[in-house]
Number of protein chains: 2
Amino acid sequence: MDTYRADDAWEALGDRTRRLIVERLARGPAAVGELAAGLPVSRPAVSQHLKVLKAAGLVTDHAEANRRIYRLNPAGVGALRDQLDTFWGRALENYKHTVEEVEEQENG
Amino acid sequence: MDTYRADDAWEALGDRTRRLIVERLARGPAAVGELAAGLPVSRPAVSQHLKVLKAAGLVTDHAEANRRIYRLNPAGVGALRDQLDTFWGRALENYKHTVEEVEEQENG
DNA sequence: CACGAACGTAAGTCTTCACTTACCATGGCG
DNA sequence: CGCCATGGTAAGTGAAGACTTACGTTCGTG
């Protein structure tokens, strides 16, 4: 499943409409029409967004009779979370170092 | 610090160059010229990107003589992480429910 | 089999935005 | 005080992409 670039996921979530779709899918699976009904854009637009989200590994889909059900992909979201955690950790670390340096200067 | 919209942060990280800047700053503070030196774009472009990242609450800056030092803002990254965690949690929850439903169907 | 519902895709438009060059302001140094 | 380094901003350009309408396809139903 590592064929998905993390870059793709970031770019996918860079669009506001796609973030709305993801937020909706976080509350449970949904069909394309259902998603479009809650959004200010047309159904084909939602289809195109879902294509991007799927390519980024953020959602999965499966056919169900006439309809196509989309759901959030925990793996994709998790990968994003992991990458963000490294930023977070290193940022905190650097922040701590900086504070210590400042304190040393102030006390010295 | 809640004046920063989480939306801004997602949109800011939607750009590849800005992600490279963030990754660089995660390894420690840097001046504009230093950042530009490690990137395939001009220095003014980096300045504009930093402006966006700053507006999104992802970085902070302070003057140091002639130079202007930018560093990652733990608060901004943390806010993003929190939001992603809710997606993550709900996605896992839904995934678990789905698995249980499928198992019930298979066993029933 | 004909019809309607649900969906993906093609083609085209229009806005957004990332990038460039040129210019201006500020701070250290001879 | 001239000179260089550093960096923010203005203006213009080109490409990416988000959206629309139109169309083709598949599936269940009368």
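As the structure is a computational prediction, the values presented were derived from the model and not from experiment.
- Residue A/D61 is tested with A/R68, A/K51, A/R67 for a salt bridge (charged side-chain N to carboxylate O under 4.0 Å, His left out); the sole match is A/R68.
- Between A/I21 atom CD1 and C/dC7 atom P there is a gap of 13 Å when expressed in whole angstrom units.
- Taking atom CD1 of B/I69 as the reference point, atom P of D/dT6 lies 11 Å away to the nearest angstrom.
- C/dC7 atom C1' lies 16 Å from atom CG of A/L39, rounded to whole Å.
- Comparing D/dA5, C/dT20, C/dT9 by their closest approach to the side chain of B/V41 singles out C/dT20.
- Considering only the side chain of B/A65, C/dG28 comes nearest among C/dG8, D/dA18, C/dG28.
- Distance CD (B/Q48) to P (C/dT16): 17 Å, rounded to an integer number of Å.
- Following chains of ILVMFWY side-chain contacts shorter than 4.5 Å, one can reach A/Y70 starting from A/L39, so the two form part of one hydrophobic cluster.
- Distance CZ (A/R67) to P (D/dT29): 13 Å, rounded to an integer number of Å.
- Between A/T17 and D/dC19, a side-chain N or O to OP1/OP2 separation shorter than 4.0 Å is present.
- In this structure, A/A31 reaches the sugar-phosphate backbone alone: every heavy-atom distance under 4.0 Å involves primed, P, OP1 or OP2 atoms, never a base.
- Here the side chain of B/K51 is nearest to one of C/dT9, D/dT6, D/dT9, namely D/dT9.
- Taking 4.0 Å as the cut-off between side-chain N and carboxylate O, A/E11 and B/R19 count as a salt-bridged pair.
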Note to self: What verdict does the side-chain contact (heavy atoms from CB on, under 4.5 Å) test give for B/E23 and B/R18, after you've listed the backbone C-alpha separation in whole Å, the side-chain angles of each residue and the deciding distance to 0.1 Å?
What the structure shows: CA-CA 9 Å; B/E23 289 181 16; B/R18 282 196 286 267; over 6 Å; no
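- You'll find a donor-acceptor pair under 3.5 Å spanning the side chain of B/R43 and the base of D/dG7, going by distance alone.
- For A/P44, whose side chain is taken as the heavy atoms from C-beta onward, the closest listed nucleotide among D/dT20, C/dT20, D/dG17 is D/dT20.
- Residue B/Y70 places no side-chain N or O under 4.0 Å from the OP1 or OP2 atom of D/dT6.
- The separation between A/R68 atom CZ and C/dA5 atom C1' is 16 Å, rounded to whole Å.
- Contact check for A/L58 versus A/N73: no side-chain heavy atoms found under the 4.5 Å cut-off.
- Between the side chain of A/R43 and the backbone N or O of A/G33, no donor-acceptor pair lies under 3.5 Å.
- Among C/dG8, D/dA18, C/dT20, the nucleotide with an atom closest to any side-chain atom of A/D15 is D/dA18.
- Counting any heavy atom pair closer than 4.0 Å across all strands shown, B/R18 reaches sugar-phosphate atoms only and no base atom.
- Between A/H62 atom NE2 and C/dA6 atom P the separation is 16 Å, expressed in whole Å.
- Looking at the side chain of A/S47, the nearest of the listed nucleotides C/dT26, C/dA18, C/dC7 is C/dC7.
- Phosphate proximity of C/dT20 to B/S42: present, with a side-chain N or O under 4.0 Å from OP1 or OP2.
- Between D/dG17 and A/H49, no contact under 4.0 Å exists linking OP1 or OP2 to a side-chain N or O.
- Rounded to an integer number of Å, the gap from A/L53 CG to C/dC7 P is 16 Å.
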